[in-house]
Protein chains: 2
Amino acid sequence: MSTAGRGLHGRVLDTLGPAITAGEYPPGSVLRTDELAQRFDVSRSVMREAVRVLESMHLVESRRRVGVTVRPKAEWNVYDPQVIRWRLAGADRPRQLRSLTVLRSAVEPVAAALAAKNASAEQCAELTQCALGMVANSRGHKLEEYLVHDVAFHRVILAASGNEMFARLGDVVAEVLSGRTHHDVMFEDPDPAAVTLHVQVAEAVRAGDATRAEELTREITVGALQELDILAP
Amino acid sequence: MSTAGRGLHGRVLDTLGPAITAGEYPPGSVLRTDELAQRFDVSRSVMREAVRVLESMHLVESRRRVGVTVRPKAEWNVYDPQVIRWRLAGADRPRQLRSLTVLRSAVEPVAAALAAKNASAEQCAELTQCALGMVANSRGHKLEEYLVHDVAFHRVILAASGNEMFARLGDVVAEVLSGRTHHDVMFEDPDPAAVTLHVQVAEAVRAGDATRAEELTREITVGALQELDILAP
DNA sequence: GACACAAAAAGTCAGACTTATTTATGCCAG
DNA sequence: CTGGCATAAATAAGTCTGACTTTTTGTGTC
């Protein structure tokens, strides 16, 4: 996955992208194309292509006579899937995971409400399949199988909302869920209450009950927030 | 604004980007770098940089021996500000505006709730200033002045939430509000009820009342949805 | 049907040249 | 001597060209 070896400029990005997003170069740092080309042992043309990509992500700004300057974090295109992956792979992974989980808590309930209104018969069936798959793997250390169905479930909800902006957050949710299972807090088996909620959401969507689907999904996301101790009582 | 004349490759993107996002090239269409370079009268190096940028936006995919193929809309990085601008400038502007408004309706209430908890004294003051500016320009055909304060208001809310993902949606909200004033439905003067709601949100945030700030903001975004006839009663 | 060959297009590189921008210089006036 | 302004130099990105490499696909032959 990720940029992969898609050409030499991809290799350069694989090390330069994570370095910048990790904050190794403070905002305002100046890099020179020629120097970078030497450092990575590539031609200037290749390095220029890499810089152009970083520039399109608003990670850097290239100006004549001054060089390639690193932009402050506040200007980065933090919704770029590549940037998200780089940051999740880096040191501030926990902070990133929190931001994304909060975003989920805002978006998914609304998406579920829309899905209840717009989901096709196929999508309803798929949703039920996913929920059943979660139930089937909710006990007995089958975390990987559970994760697959969990990710699929949320992807279907977001896609069924009919809103393309929501649909494109499927990858983000997948990263968050995957991260929770693989790196962060994840108990032996998933919370049975959460599993039940997913089943109920599938039912609500099939029944076309937008309010109920939204409320149930909100409970799911609240649970995700609590797992990360995001809560001000 | 936008990519501007930032080099020759920027010029190329200014016409190629809008063309692709407008759907002029159906998904799967094949472009050849050399041909494009000739068409735009630039060198292959410049053309390659432009293609790299389009590739990083997931608008196209470059493969050896086959060429530069246009990706299906579902794979585009629709959160890229540049892509958003291109699409807003094109034919499916109405659809795009609807998608973004729905996104707003999901995000802004949650952001307001967080802002009530996290906003600094300066941000509270700024928020009140914006609300007052909206009131002052709510009557007498001062739409431009009103817009400025409206945009600033929502930017402060999103920034004060303390969540970077929310904060980066400031530009998106600005585009939506600006679009509403300049191109789409906008009555002689803003809805007085909406103006009042903004003032009340500012008060709620200052008072630290998260629930009230969230509910009031939800009313604002519901109004925005109604303006675009997004409602299934 | 398997394998080898040929064509096509992107990918890479090296070097020369252009252009914009910043900084330093130097001149004249106050 | 100092301040400001025009001019010149230095610098790094930007651009172009042409030759070469590599990968992938399609084709044709055995």
Side-chain angles (χ1 to χ4, degrees), chain A residues 1-17 19-20 25-72 75-76 82, chain B residues 1-17 19-20 25-72 75-76 82:
Chain A
M1 57 175 74
S2 90
T3 313
R6 280 249 186 257
L8 269 190
H9 88 284
R11 301 286 182 84
V12 173
L13 286 174
D14 282 342
T15 73
L16 201 49
I20 294 176
Y25 305 93
S29 301
V30 176
L31 310 172
R32 269 163 299 133
T33 308
D34 291 18
E35 183 195 321
L36 290 173
Q38 277 193 359
R39 173 138 65 95
F40 289 100
D41 194 38
V42 296
S43 67
R44 291 209 331 282
S45 347
V46 167
M47 186 47 84
R48 287 180 55 72
E49 289 171 25
V51 168
R52 285 282 176 258
V53 171
L54 294 175
E55 200 175 28
S56 89
M57 296 168 171
H58 271 67
L59 296 182
V60 302
E61 184 183 4
S62 181
R63 283 172 52 198
R64 269 184 155 129
R65 161 67 194 191
V66 45
V68 178
T69 65
V70 178
R71 304 181 88 137
E75 296 176 10
W76 297 350
Q82 183 66 82
Chain B
M1 59 176 73
S2 91
T3 313
R6 280 254 186 257
L8 269 189
H9 87 285
R11 303 286 183 83
V12 172
L13 286 174
D14 282 342
T15 72
L16 201 50
I20 293 175
Y25 305 92
S29 301
V30 176
L31 311 171
R32 267 163 301 133
T33 307
D34 289 16
E35 182 195 322
L36 290 173
Q38 278 192 357
R39 174 137 66 94
F40 289 100
D41 194 37
V42 295
S43 67
R44 291 193 308 286
S45 350
V46 168
M47 196 62 208
R48 287 179 55 73
E49 289 172 24
V51 168
R52 284 283 176 257
V53 172
L54 294 175
E55 200 177 26
S56 89
M57 296 168 172
H58 272 66
L59 296 182
V60 304
E61 184 182 4
S62 182
R63 281 172 53 197
R64 271 181 155 128
R65 160 69 194 193
V66 45
V68 178
T69 65
V70 178
R71 304 180 91 140
E75 297 177 12
W76 297 350
Q82 182 67 79

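Convention: sequence-line order gives letters A, B, ...; per-chain numbering from 1. For the numbers below, each heavy atom of this structure counts, side chains included, while hydrogens, waters and symmetry mates do not.
- With Ile20(A) as reference, Leu54(A) is the one residue of Leu54(A), Leu13(A), Thr15(A) to meet the side-chain contact (heavy atoms from CB on, under 4.5 Å) rule.
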Going through the distances and angles, do Thr69(A) and Arg63(A) end up as a side chain to side chain contact (heavy atoms under 4.5 Å, CB included)?
CA-CA 8 Å; Thr69(A) 65; Arg63(A) 283 172 52 198; 5.7 Å; no
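- Residue-level contact check: Ser45(B) touches the bases, meaning some heavy atom is under 4.0 Å from a base atom.
- Within 4.0 Å (heavy atoms only), Arg63(A) reaches sugar-phosphate atoms of the nucleic acid but no base atom.
- Counting any heavy atom pair closer than 4.0 Å across all strands shown, Ser62(A) reaches sugar-phosphate atoms only and no base atom.
- Glu61(A) is listed as a side-chain neighbour of Arg6(B), based on a closest heavy-atom distance under 4.5 Å.
- A 4.5 Å side-chain heavy-atom check between Phe40(A) and Leu16(A) finds at least one atom pair inside the cut-off.
- In the 5' to 3' direction, nucleotides of DNA chain D lying under 4.0 Å from heavy atoms of chain B begin and end at dT15(D) to dT25(D).
- Using a cut-off of 4.0 Å between Lys/Arg side-chain N and Asp/Glu carboxylate O, Glu55(B) and Arg52(A) are scored as not salt-bridged.
- Expressed to the nearest 0.5 Å, how far CE of Met57(B) lies from OG of Ser56(A) amounts to 5.0 Å.
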Stepwise, does the side chain to side chain contact (heavy atoms under 4.5 Å, CB included) test hold for Gln38(A) with Asp34(A)?
CA-CA 6 Å; Gln38(A) 277 193 359; Asp34(A) 291 18; over 6 Å; no
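- Comparing Val46(A) and Val66(A) along DNA chain C, the residue whose closest nucleotide (by nearest heavy atom) sits nearer the 5' end is Val46(A).
- Between chain A and DNA chain C, the heavy-atom contact criterion of under 4.0 Å yields a 5' to 3' nucleotide range of dT12(C) to dT23(C).
- Ranked by how close their nearest DNA chain D nucleotide is to the 5' end, Val42(B) and Thr33(A) are led by Thr33(A).
- To the nearest 0.5 Å, the span separating CZ on Arg71(B) from NE2 on His58(B) amounts to 4.0 Å.
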